[in-house]
> 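Have a look at this one before I ask anything.
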Amino acid sequence: MQGLLITFEGTEGAGKTTQIERLSCRLGEMGYQVRTVREPGGTPLGEEIRTLLKHHPAGRGMSSEAELLLMNASRAELVRKVIRPALDAGEIVLCDRFYDSTVVYQGHGRGLDLEQVERSIAFAVGTTIPDLTLVLQVPLAVSEARRAARLGLGSEPADRFDEAGREFFVRVERAFEDLLHRHPDRMHAVDAVDTVEAVQRSVWSWVEPLLPSA
Ligand code: TMP
């Protein structure tokens with residue numbers, strides 16, 4: 001039996017990681033085999049690429065084109081080494097960001113040609129398309145405040161994406177809205193301003209109907 005691929009998207013500080021952890025626990029308790037991965041990253045090669053993209057001095061000032069290709073290099077490896085084998089083994093794969101982030105950040109955010117962005121994604125993923133994509137949404141002011149708090153606490157070092165200006169994140173926010181309209185069957189918005197428990201219930205309401213019997 002083929003597994004399920006569920007991806008989580010949204011702006012910074014929307015609480016994706018917490019929700020993925022909680023969902024993973026719940027599914028595990030119900031007896032499902034769950035695999036949690038993140039992008040960029042999720043394989044030894046992908047994690048090295050993640051460092052290049054986010055923190056490495058060599059990545060400073062990288063071109064948007066190189067950024068697009070590195071995101072897709074990490075993704076191509078993740079799809080072939082982890083996601084497809086897990087799906088073939090009937091597992092539920094929870095992915096912290098996937099190719100919608102590339103459309104949004106490299107396409108709309110950086111302003112790369114959308115057709116080329118989509119072609120590069122298609123090359124990286126082939127036929128591996130999520131069964132469900134949840135876009136966790138918080139207003140930009142909330143996202144900014146949560147990001148600032150995280151950086152202030154030192155729990156996360158600032159990365160190259162933190163340096164993008166407010167306009168970039170406005171475009172990112174609008175692009176997620178646009179994608180939600182273009183893919184109403186696969187993608188759904190989740191209001192992530194609420195308490196962690198309320199968001200968890202909302203996430204569950206989309207996931208539960210897709211579950212095969214454990
Ligand atoms: P995060 O895992 O902490 O969310 O960091 C990943 C960063 O990379 C985040 O700022 C969004 C960005 N990103 C892209 O620009 N394009 C992509 O395709 C992906 C997966 C992430």
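Atoms within a ligand are numbered from 1 in the order they appear, just like the ligands themselves. Values below: all heavy atoms of this structure, side chains included; hydrogens, waters and symmetry mates excluded. Sequential numbering from 1 along the given sequence is applied to the chain's residues.
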> Quick one: list whatever passes side chain to side chain donor-acceptor pair (under 3.5 Å) with Gln106, sequence neighbours left out.
Glu67

> Can you check side chain to side chain donor-acceptor pair (under 3.5 Å) on Gln137 and Glu177, steps first, answer last?
CA-CA 10 Å; Gln137 291 186 313; Glu177 282 295 341; 3.0 Å; yes

> Is it the case that more than 12 heavy atoms not belonging to Gln33 sit under 6.0 Å from its CD atom?
no

> Identify, with sequence neighbours excluded, every residue that meets side-chain contact (heavy atoms from CB on, under 4.5 Å) alongside Ser64.
Arg110, Leu112

> Using side chain to side chain donor-acceptor pair (under 3.5 Å) as the criterion, list what pairs up with Tyr105, not counting sequence neighbours.
Glu12, Arg97

> Closer than 4.0 angstrom, basic N to acidic O: yes or no for Arg38 and Glu47?
yes

> Using heavy atoms and a cut-off under 4.0 Å, could you grab the residues that are in contact with ligand 1, chain by chain, numbers ascending?
Glu12, Glu39, Pro40, Arg50, Lys54, Met71, Arg75, Arg97, Ser101, Thr102, Tyr105, Gln106, Phe161

